[in-house]
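Report on the structure given below.
Start at 1 with the first residue, then count along the sequence. Model, not experiment: these values are computed from the prediction.
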Amino acid sequence: MASTTSFLAATKARRSMYALAKESPISNERILEIVQHALKYAPSPFNVRSTRCIVLFGAEHDKLWDIAYKATEETTPMALPILGPKIKGFAAAYGTCMFFDDDTAVNELTPRFAALSKQYPEWFEHSNGMNQYIVWTALEAEGLGCNLQHYQPMITPAVVKEWNVPASWHLKCQMVFGKPTAGAGEEKPKRPAEENMKVYGN
């Protein structure tokens, strides 16, 4: 994260941005460093570290959204007038980070922890979400805009084939990023704190 941006300021600034250019204010190496940081330090049940990522730049990024466009055209053609322009907008961005969860990571745990982990699959969803949030917030702090998409399972077979994804990796989302060409718009309304939180004791 940019050293001049505090954590709380970065979480407030993080917003979904859709007007993104095929440019980046930081290097590809820095983007990869941020993703690797999340994969290394995000909370993970029993330190299983089951989140996996594939980062796409350039023509590989374009290829992903070509796949999404064709899959939409084939499976839900009635939605193409709405989704088609959105997908082309994702392709116009700089890159995409795909997040996966790897089933085989549990096998590396001790038998007791592995058995417990299989009873609570939502724990892995929590960890994957925290990885996503760290990457999104850090990229925002570095001057990139992001939005999060969920075109699986529609695109999953083509993604697995195109990027040689192991069978144990399950696609969870696609994070699109690029240089913002417009602001995020007005801040959306938030619920009052008294509706969201209860406090007992002192």
Just by distance, with hydrogens left out, do [X] and [Y] show a side-chain donor and acceptor under 3.5 Å apart?
X   : Y    : result
Y94 : N28  : yes
S50 : D102 : no
N47 : R49  : yes
W65 : T96  : yes

Closer than 3.5 angstrom, by distance alone: can the side chain of [X] be matched with the main-chain N or O of [Y] as a donor-acceptor pair?
X    : Y    : answer
S27  : R30  : yes
S6   : A9   : yes
S127 : P43  : yes
T11  : L8   : yes
K88  : D66  : no
N164 : V160 : no

Which pair of heavy atoms, one from [X] and one from [Y], lies closest together, and at what distance?
X    : Y    : result
A105 : R52  : CB-NH2, 3.8 Å
L20  : P180 : CD2-CA, 4.0 Å
P85  : L80  : CD-O, 3.6 Å
A68  : I87  : O-CD1, 3.8 Å
V176 : F90  : CG1-O, 3.8 Å
R191 : E195 : NH1-OE1, 3.0 Å

Would N131 and T51 satisfy side-chain hydrogen bond (donor to acceptor under 3.5 Å, both in side chains), going step by step from the backbone distance to the final call? CA-CA 8 Å; N131 274 274; T51 299; 3.2 Å; yes
Determine whether the aromatic ring centres of F57 and H61 lie less than 6.0 Å apart. no
Tell me whether K172 is salt-bridged to E125, with the criterion being a basic N under 4.0 Å from an acidic carboxylate O. yes
Check this for me, if you would: do K70 and E73 make a salt bridge, where the nitrogen-to-carboxylate-oxygen distance has to be below 4.0 angstrom? no
How about [atom1] on [X], more than 12 heavy atoms from neighbouring residues, nucleotides or ligands closer than 6.0 Å, or not?
X    : atom1 : value
K179 : NZ    : no
K190 : NZ    : yes
K22  : NZ    : yes
M78  : CE    : yes

Using a 4.5 Å cut-off on heavy atoms from C-beta on, say whether the side chain of [Y] contacts that of [X].
X    : Y    : answer
R15  : E187 : yes
M175 : V135 : yes
L64  : Y151 : no
C146 : M17  : no
K86  : Y18  : no
W136 : C97  : no

Spatial distance of atom [atom1] ([X]) from atom [atom2] ([Y]) [nearest 0.5 Å]:
X    : Y    : atom1 : atom2 : answer
I67  : M154 : CD1   : CE    : 11.0 Å
Q36  : E33  : CD    : CD    : 7.5 Å
I155 : E162 : CD1   : CD    : 11.5 Å
W123 : S44  : CH2   : OG    : 11.5 Å
T137 : F7   : OG1   : CZ    : 6.5 Å
M98  : Q174 : CE    : CD    : 7.5 Å

Can you say whether the rings of F100 and W169 are parallel (under 30°), tilted (30 to 60°) or perpendicular (over 60°)? tilted
State plainly whether one hydrophobic cluster holds both L171 and I54, where clusters connect Ile, Leu, Val, Met, Phe, Trp and Tyr through side-chain heavy atoms under 4.5 angstrom apart. yes
Side-chain heavy atoms nearer than 4.5 Å, only ILVMFWY residues, links allowed to pass through others: does that put L32 and F99 together? yes
So, applying side chain to side chain donor-acceptor pair (under 3.5 Å) with H170, which one of T156, N128, D103 is it? D103
Would you sort out whether L144 and I31 count as a side chain to side chain contact (heavy atoms under 4.5 Å, CB included), showing the intermediate values? CA-CA 10 Å; L144 282 160; I31 292 169; 4.0 Å; yes
In sequence, state the C-alpha distance, the side-chain angles, and the governing distance for Y69 and L83, and then conclude on side chain to side chain contact (heavy atoms under 4.5 Å, CB included). CA-CA 8 Å; Y69 191 94; L83 294 180; over 6 Å; no
Would you sort out whether C53 and L39 count as a side chain to side chain contact (heavy atoms under 4.5 Å, CB included), showing the intermediate values? CA-CA 8 Å; C53 290; L39 292 171; 3.9 Å; yes
